[in-house]
Amino acid sequence: MTLETKGVPALEAQALSKTYGGRAGVRRSAAVRAVHEISFSIPKGSTFGLVGESGCGKTTTAKMLLGLEKPTAGELFYDGKPVAQKRDFAKLRSSVQAVFQSPSSSLSPRMRVAELITEPLIAQGKASSKDAVQKHAPRLLELVGLGASSLDRFPHEFSGGQQQRLAIARALSIEPSVIILDEPVSALDVSIRAQIINLLMDLQEQSGVSYLLIAHDIAVVEHMSHEIGVMYLGEIVERGPASAVVQQSKHPYTKALIEAVPVADPDAPRVRAVVTGEPPNPMNPPSGCSFHPRCIRAMDVCSVVKPTFMEVERNHWVACHLYT
Ligand code: SF4
């Protein structure tokens with residue numbers, strides 16, 4: 001997807017890092033580099049997709065954007081303003097919402113739908129309980145394609161796809177400018193996925209909300225995203241327009257991720273196993289390019305010199321010695 005981007009981005013990360021542990025002294029602990037100097041921006045009304053193996057730092061990145069984790073270094077901007085002070089993080093938490101993989105575990109089983117989807121509104125003092133239930137709840141249900149007859153029901157009375165619609169309605173209740181979508185369709189039946197994806201895209205078109213999309217399904221990420229960042233061991237190793245990153249990927253790791261996607265056609269050529277071994281230990285990342293122990297294109301320089309992030313085509317960036 002392409003998007004004309006003008007004005008201040010909804011969210012922007014500049015050299016954002018998060019390291020856990022690393023204490024000296026009696027209670028010393030090894031430093032775990034979860035996210036290291038990642039930069040990207042999410043223009044208003046657009047979707048930025050993050051892909052990579054589990055443990056690559058996607059969830060830590062999402063937590064920082066939600067204001068649940070404080071960055072160790074780097075800068076975060078919300079609507080053009082730096083998020084640095086305690087009150088900035090509080091504002092971030094009240095402005096950025098999230099939809100998670102498993103709707104059944106993110107919806108309280110004891111609350112009726114009307115209270116459930118309007119709880120954030122009431123918690124933030126944006127509506128009285130009466131207004132929330134009588135005015136906002138029917139409107140939110142209609143937005144996500146569920147009827148007013150659902151208002152008095154409990155989440156367990158709904159199918160998985162309907163529960164995810166409820167989770168989306170709840171996230172939309174405070175009219176956030178950004179929603180973090182963390183694997184929003186991966187727990188759903190294949191037949192339901194397209195409906196939820198289309199709903200999310202329609203809602204974006206109507207409201208101008210921005211998304212950070214985390215998903216392991218490259219096809220879903222390409223379909224929904226305007227830009228994609230590929231993460232490996234806490235770093236973004238390739239970033240650019242979604243079609244360029246997927247159709248003309250540069251980094252050997254991105255190519256490996258794409259080639260590992262199963263193909264439905266039984267006559268199609270077999271998938272090449274291009275990434276071998278496990279991701280390295282983030283407490284002791286490899287020297288040079290952190291992907292070099294697993295890279296089939298590795299050269300002598302790769303284990304010694306860290307590649308810099310270079311713009312190889314317009315707005316298409318990659319960190320790899322093959323392009324320097
Ligand atoms: Fe592979 Fe070297 Fe490029 Fe790293 S820098 S991805 S090891 S070719």
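Just so you know, these numbers come straight off a predicted model, no measurement behind them. All ligand and atom numbering here is 1-based and tracks the order in the structure.
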Of all the atoms in ligand 1, which lie at a distance below 4.0 Å from a heavy atom belonging to [X]?
X      : value
Cys289 : 4 (Fe), 5 (S), 6 (S), 7 (S)
His251 : 6 (S)
Leu322 : 8 (S)
Cys302 : 2 (Fe), 5 (S), 7 (S), 8 (S)

Can you establish whether the number of heavy atoms outside [X] located under 6.0 Å from its atom [atom1] is more than 12?
X      : atom1 : value
Glu142 : CD    : no
Met299 : CE    : yes
Arg93  : CZ    : yes

Taking 2.8 Å as the cut-off, does Cys295 contribute an N, O or S atom near atom 4 (Fe) of ligand 1, distance below it? no

Taking atom types as modelled, find out whether Tyr78 and Ser177 have a side-chain donor-acceptor pair closer than 3.5 angstrom. yes

Would you call the rings of His156 and Phe154 parallel, tilted or perpendicular if under 30° counts as parallel and over 60° as perpendicular?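 If you compare the ring of His156 with that of Phe154, the planes turn out parallel.
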
Shortest protein heavy-atom distance from atom 5 (S) of ligand 1, along with the residue and atom involved: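 Answer, as residue, atom name and distance: His321 N, 3.2 Å.
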
On the six-membered ring of Phe158, is Arg153 placed so that its NZ or CZ lies under 6.0 angstrom from the centre and within 45° of the ring axis? yes

Does Cys320 bring an N, O or S atom to under 2.8 Å of atom 3 (Fe) of ligand 1? yes

